[in-house]
Amino acid sequence: MSKERILIIAVKQPSQDQDQFQSSLAELQSLSDTAGGKVIHIVTQKRDKIHPATYIGSGKIADIKSLVTESAIDLVISNDELSPGQLRNLGSSFGVRIIDRSQLILDIFAQRARTKEGKLQVELAQLEYMLPRLRGQGIELSRLGGGIGTRGPGETKLETDQRHIRRRIHDIRQRLLTVVKQREQYRKRRKTNDVFQIAIVGYTNAGKSTLFNRLTNSNSLEEDQLFATLDPLTRQIQLPSGMQVLITDTVGFLQDLPTSLIAAFKSTLEEVTEADFLIHMVDGSHPNLNQQQDTVLELLKELNAQTFPMLTVYNKKDLIKQDVIPINHPHLFISAYEAADINLVLTTIEHLLIKEWEYYAVSLPPDQGKLLQQLERDTIIEKKQFDEVRQVYEVKGYMRNEIPLNRLLVE
């Protein structure tokens, strides 16, 4: 199947610096590739403010019309979210389909969702995005029959009936409430069991799934594409000391995520807020890595997770061309494909926890095997030996401040 030919339009306003503007354009191009299109032209315009009716000025519209015809463009994508009026006016001017950055991201999410919850969340976000943009587009949208920006509910021709969409939105919300309750119960159960939880966060395509797979010996989707992972995965792993922890791979963060999508994926992102420790994966080779780090930290702030203990891992060290000055501490430089670096991540996490946790030293008789197992599973044991004279196990190590030793001993 031939790739759809894409023309990107973007307005640079005085409030945006040049690097930020170029970075958002490069990202939009990457998103277009991920969606299965091919960017043929990028047309930009400097304006004091976005044109309320047509996004760009009339002169540029004429230029773009010529390019659309000459280069057989199938689809125009705007770098900024467009109002219903702007979408209508530009669509009739260009004579081809037009979508914006938000619709493109929603489209990729629709391709990537695997679980029932993920699919429901994407559909909800698409319908909420679509609802105010229906007037004058219903017949046109129903005729589309596929292509970038039309995956998901667009194919069910719901767009011709606003009441039907509103009913569907209500229905999805009710179903998601049930899923959220189930997720909360599952998280409560994990908390009751006092299992230490680590979440891997980071900008999309930073290497989170690669690290997750190397740590867990699993095979979640690993691709050099944006949003390869959409649904959070949780597995159990062991730290070098033998302590068992849960680790979760989360959806990639992105600047300018559609508001409806942030809302729809709140329950997915809440996995982050349940974590005791965060690994912030950064693509160390990316030219805009500082901006990507800021985006992640900003989103963590929105989730009230900015104060969580965190290790920043600058990945892809083998591809780094420029000097990288780490803006976050503590940090590591690794390649997620090197076994020694994966071990380094685990030992570093353990060292960081030891600095924060309480030291303990206990003597346990041999009939306390269950408690010994619990200490091995839930704490970082530094030393364990059997004293032949006293017939006890001497155990020394570190444990979380919120799990006092006397509570463990009582249990």
Side-chain angles (χ1 to χ4, degrees), residues 27 105 108-109 112 118 121 183 187 190 195-216 218 220-237 239 245-257 261-286 288-316 324 326-334 336 341-342 344-346 348-349 352-353:
E27 192 164 87
I105 292 170
I108 293 167
F109 272 64
R112 298 278 162 161
Q121 286 171 324
R183 191 191 281 281
R187 285 203 293 246
R190 288 199 317 223
V195 184
F196 190 78
Q197 295 177 56
I198 297 171
I200 307 174
V201 300
Y203 209 78
T204 183
N205 206 28
K208 295 183 302 301
S209 295
T210 307
L211 179 69
F212 179 81
N213 289 345
R214 298 301 179 273
L215 288 170
T216 62
S218 68
S220 72
L221 190 62
E222 261 180 55
E223 286 183 29
D224 186 22
Q225 277 192 320
L226 304 179
F227 303 121
T229 303
L230 202 57
D231 304 301
L233 281 171
T234 300
R235 299 274 186 276
Q236 191 171 62
I237 62 167
L239 295 182
V245 301
L246 289 177
I247 190 155
T248 300
D249 184 16
T250 62
V251 62
F253 292 30
L254 188 75
Q255 61 180 330
D256 305 323
L257 261 184
L261 201 57
I262 290 177
F265 275 80
K266 195 164 182 293
S267 63
T268 308
L269 287 171
E270 274 171 359
E271 285 289 328
V272 172
T273 68
E274 294 298 320
D276 301 291
F277 189 94
L278 302 178
I279 298 174
H280 177 185
M281 285 292 277
V282 180
D283 177 353
S285 68
H286 201 284
N288 299 304
L289 80 159
N290 285 347
Q291 195 180 323
Q292 294 188 350
Q293 288 177 88
D294 289 344
T295 298
V296 172
L297 296 174
E298 200 54 46
L299 275 165
L300 287 176
K301 198 183 280 184
E302 284 177 32
L303 292 165
N304 291 321
Q306 74 274 26
T307 58
F308 288 19
M310 182 165 73
L311 171 65
T312 301
V313 176
Y314 293 95
N315 188 27
K316 309 185 188 182
V324 175
I327 59 172
N328 296 310
H329 301 275
H331 66 267
L332 287 176
F333 283 88
I334 71 153
D341 284 357
I342 297 302
L344 180 62
V345 171
L346 293 174
T348 305
I349 289 170
L352 291 170
L353 297 181

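Given the structure is predicted, the values throughout are model-derived calculations rather than measurements.
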Check: Between F109 and Q121, is a side chain to side chain contact (heavy atoms under 4.5 Å, CB included) present by the stated rule, with each step listed?
Finding: CA-CA 9 Å; F109 272 64; Q121 286 171 324; over 6 Å; no

Next item on the list: Assess whether side chain to side chain contact (heavy atoms under 4.5 Å, CB included) is satisfied between F333 and V324, documenting all intermediate values.
Entry: CA-CA 10 Å; F333 283 88; V324 175; 3.9 Å; yes

Check: After noting the C-alpha distance and the side-chain angles of L300 and V296, does the key distance pass the side chain to side chain contact (heavy atoms under 4.5 Å, CB included) rule?
Finding: CA-CA 6 Å; L300 287 176; V296 172; 4.2 Å; yes

Partner set under side-chain contact (heavy atoms from CB on, under 4.5 Å) for [X], not counting sequence neighbours:
{"X": "L344", "answer": "L332, T347, T348"}
{"X": "F308", "answer": "L278, A305"}
{"X": "N328", "answer": "H280, Q293, L297, T312, Y314"}

Item checked: From I200, T248, T250, residue fulfilling side chain to side chain contact (heavy atoms under 4.5 Å, CB included) relative to V272 ->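 Testing each of I200, T248, T250 against V272, the sole residue satisfying side chain to side chain contact (heavy atoms under 4.5 Å, CB included) is T250.
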
Euclidean distance, [Y] [atom2] relative to [X] [atom1], rounded to 0.5 Å:
{"X": "I198", "Y": "I247", "atom1": "CD1", "atom2": "CD1", "result": "5.0 Å"}
{"X": "I334", "Y": "I342", "atom1": "CD1", "atom2": "CD1", "result": "5.0 Å"}
{"X": "T210", "Y": "N205", "atom1": "OG1", "atom2": "CG", "result": "8.5 Å"}
{"X": "K208", "Y": "N213", "atom1": "NZ", "atom2": "CG", "result": "12.0 Å"}

Next item on the list: Over all heavy atoms of both residues, which pair between P330 and M310 is shortest? Give the atoms and the distance, please.
Entry: CD-O, 3.6 Å

For the residue pair [X] and [Y], establish whether any side-chain heavy-atom pair is separated by less than 4.5 Å.
{"X": "I237", "Y": "L346", "result": "yes"}
{"X": "I327", "Y": "D294", "result": "yes"}
{"X": "F196", "Y": "L239", "result": "no"}
{"X": "L289", "Y": "Y203", "result": "no"}

Next item on the list: Just do the side chain to side chain contact (heavy atoms under 4.5 Å, CB included) check on I349 and I279 with the steps written out, would you?
Entry: CA-CA 9 Å; I349 289 170; I279 298 174; 3.7 Å; yes

Checklist line | Under 3.5 Å: donor-acceptor pair, side chain of N315, backbone of M281 | finding: no

Notebook entry, point to check: Between the side chain of D276 and the main-chain N/O of Q197, is any donor-acceptor distance below 3.5 Å?
Noted result: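 Yes, because the side chain of D276 sits within donor-acceptor range (under 3.5 Å) of the backbone of Q197.
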
Notebook entry, point to check: What residues, two or more places apart in sequence or in another chain, satisfy side chain to side chain donor-acceptor pair (under 3.5 Å) together with D283?
Noted result: S285, K316

